[in-house]
Colleague: 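The structure follows.
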Number of protein chains: 2
Amino acid sequence: MSLRHALLALLDAGPMTGYELAKHFDQSADRVWHAPHPQIYTELRTMEGAGLVVAEEQPRGPKARAVKRAYRLTEDGARELRRWVAEEETPAPLRDTAYLKATYFEYAAPETVRRQFERHRAHHLEQLHRWERHVAQLRARDTELLRRRLSLAPEAAHDAIVAYKVHVYEGMAARARVEIDWADRGVELVDKLTTP
Amino acid sequence: MSLRHALLALLDAGPMTGYELAKHFDQSADRVWHAPHPQIYTELRTMEGAGLVVAEEQPRGPKARAVKRAYRLTEDGARELRRWVAEEETPAPLRDTAYLKATYFEYAAPETVRRQFERHRAHHLEQLHRWERHVAQLRARDTELLRRRLSLAPEAAHDAIVAYKVHVYEGMAARARVEIDWADRGVELVDKLTTP
DNA sequence: TGTTACATGTAAGTCGTTACATGATTAC
DNA sequence: GTAATCATGTAACGACTTACATGTAACA
């Protein structure tokens, strides 16, 4: 049930609409959680029912023929977020298609295997750049969300807030580097196996 | 739909019962995929209906008052496995509770955060040992499944079969090391933040 | 006038988890 | 006899995906 907590966490920086939240899960650099928009809208409604968030309907545009719903945390929502952060995680069960598939690469043609390693590499290189950019922005305290969050917290807490986020995204970067390295050694392996 | 392919892959080494397959997903070292037994039994029935596997009912014990169903791949099943291996994977969407939570560690007490990093470390250290043991066993060609698989394959293919598996589990070990390192730096960070 | 971005949803289906349920066999 | 392991399932629920659906607003 972590989508709920991902949403609570984003909303703790200030009110947002479902649409804005969905953008964070889809496109922004600070996404360690993914969710498609239908799941977000329904979860927000459920959370509203559970009293974790409240929605304020806002008019859109000058003619105001449409409304948008901006959600903000309630006391209960803020408490639930803090409770969850302190709670110990049980490690997630392992499910990795790329590695599962690679276990049986002997069934595929060498060019196919090589292409798959190269795609794997390209994907994680892109991710790496994304994480590195984000770490730089966090250090500069130059992201929208972080600025909002810092403005709500006492000065003394700022360093910790920034440091934990930097630590997370540096961790993501380190992970990406491992994947790139794995793919590189994969390509080398294909070469070694084809030219004996 | 990768449970299906994980099952096809295991069955390609020879017939197995649902119970044996479930053990591989739960307990054995060579699990890059997890699934609980109800899902396995139902998926096997579905796959049987789709003609990817056939079941042979075998008597259990001398009195044979119970039966077990050993599944083996059909031609279609083996073909589907090979098709899937050659198919390019789209990268899985990111969903990581540990990292998501760590992003908001400023909300928890330092001892709580420290405990969480230590648990993270302990978990991945255990995993690391598991992967390392498995790599050693694969190199020695000393796992039940590998022996069965090699016995079905031509001598010339043996090196590739072993090499890809070694590569996967070395990759898993490398991942575990990154997590351990991340947790270590996490503990250091807590210390730094608490003793200024 | 048409395209892109904003904004919110429903519905159907698949995949995964958890609890419940049953019974046989093996080893002590 | 009793506990552990073998062996197979059903049922209910929760999480996630995909397709469909609708309309507004901003901009060129």
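Values in this document were obtained by computation on a predicted structure and should not be read as measured data. Just so you know, these numbers use all the heavy atoms, side chains as well, and skip hydrogens, waters and symmetry mates.
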Colleague: Restricting to salt bridge (charged side-chain N to carboxylate O under 4.0 Å, His left out), what partner residues turn up for A:D12, sequence neighbours left out?
Modeller: A:R82, A:R149

Colleague: What is the distance, to the nearest angstrom, from the CD atom on A:Q27 to the P atom on C:dA7?
Modeller: 13 Å

Colleague: Among all residues two or more places apart in sequence or in another chain, which pass the ring-ring contact (aromatic ring centres under 6.0 Å, His included) test with B:Y107?
Modeller: none

Colleague: Does anything in residues 155-164 of chain A pair up under side-chain hydrogen bond (donor to acceptor under 3.5 Å, both in side chains), and if so which pairs, sequence neighbours excluded?
Modeller: A:R141-A:D159

Colleague: Extract from the structure each pairing of a protein N or O with an N or O of nucleotides 17-21 of chain C at less than 3.5 Å, listing the distance.
Modeller:
residue	atom	partner	partner atom	Å
C:dT17	OP1	A:R95	NH2	3.0
C:dT17	OP2	A:R95	NH2	2.6

Colleague: Can you list the residues that meet the salt bridge (charged side-chain N to carboxylate O under 4.0 Å, His left out) rule with B:E188, with sequence neighbours excluded?
Modeller: none

Colleague: Specify the separation, in whole Å, of atom CE of B:M1 and atom P of C:dT14.
Modeller: 8 Å

Colleague: Listed by chain and number, what are the side chain to side chain donor-acceptor pair (under 3.5 Å) partners of B:Q39, not counting sequence neighbours?
Modeller: none

Colleague: Distance check needed: C:dT10 P versus A:E43 CD, whole Å only.
Modeller: 14 Å

Colleague: Through what angle, rounded to 10 degrees, does the axis of the helix from C:dT1-D:dA28 to C:dC28-D:dG1 turn between its ends, using five pairs per end?
Modeller: 20°

Colleague: Should the ring pair A:H167 and B:W182 be called parallel, tilted or perpendicular, given that the plane angle runs from 0 to 90° and is split at 30 and 60?
Modeller: parallel

Colleague: List for me each residue that meets salt bridge (charged side-chain N to carboxylate O under 4.0 Å, His left out) alongside B:R177, sequence neighbours excluded, and say none if there are none.
Modeller: B:E132

Colleague: By salt bridge (charged side-chain N to carboxylate O under 4.0 Å, His left out), which residues pair with B:D76, not counting sequence neighbours?
Modeller: B:R79

Colleague: Classify the ring geometry of B:F105 against B:F117: parallel below 30°, tilted from 30° to 60°, perpendicular beyond 60°.
Modeller: perpendicular

Colleague: Output the rounded distance in Å from CZ (B:R60) to P (C:dT26).
Modeller: 8 Å

Colleague: Measure from CZ on A:R45 to P on C:dA11 and round the result to the nearest Å.
Modeller: 14 Å

Colleague: Check each residue of residues 17-26 of chain A for a non-hydrogen atom within less than 4.0 Å of any atom in DNA chain C, then write out the ones that pass by number, or none.
Modeller: A:T17, A:G18, A:Y19

Colleague: Write out all pairs satisfying side-chain hydrogen bond (donor to acceptor under 3.5 Å, both in side chains) with one or both partners inside residues 46-57 of chain B, taking only residues at least two apart or from two chains.
Modeller: B:E48-B:R69, B:E57-B:R69

Colleague: Which nucleotide, D:dG9, D:dC16, C:dG9, lies nearest any side-chain atom of B:Y41?
Modeller: D:dG9

Colleague: Over how many whole Å does the gap from A:L44 atom CG to C:dA7 atom C1' extend?
Modeller: 13 Å

Colleague: Please list all pairs passing the ring pair (Phe, Tyr, Trp, His ring centres under 6.0 Å) test where one or both residues lie in residues 130-149 of chain B, with sequence neighbours left out.
Modeller: B:W131-B:Y169, B:H134-B:Y169

Colleague: Specify the separation, in whole Å, of atom CG of A:L94 and atom P of C:dG16.
Modeller: 13 Å

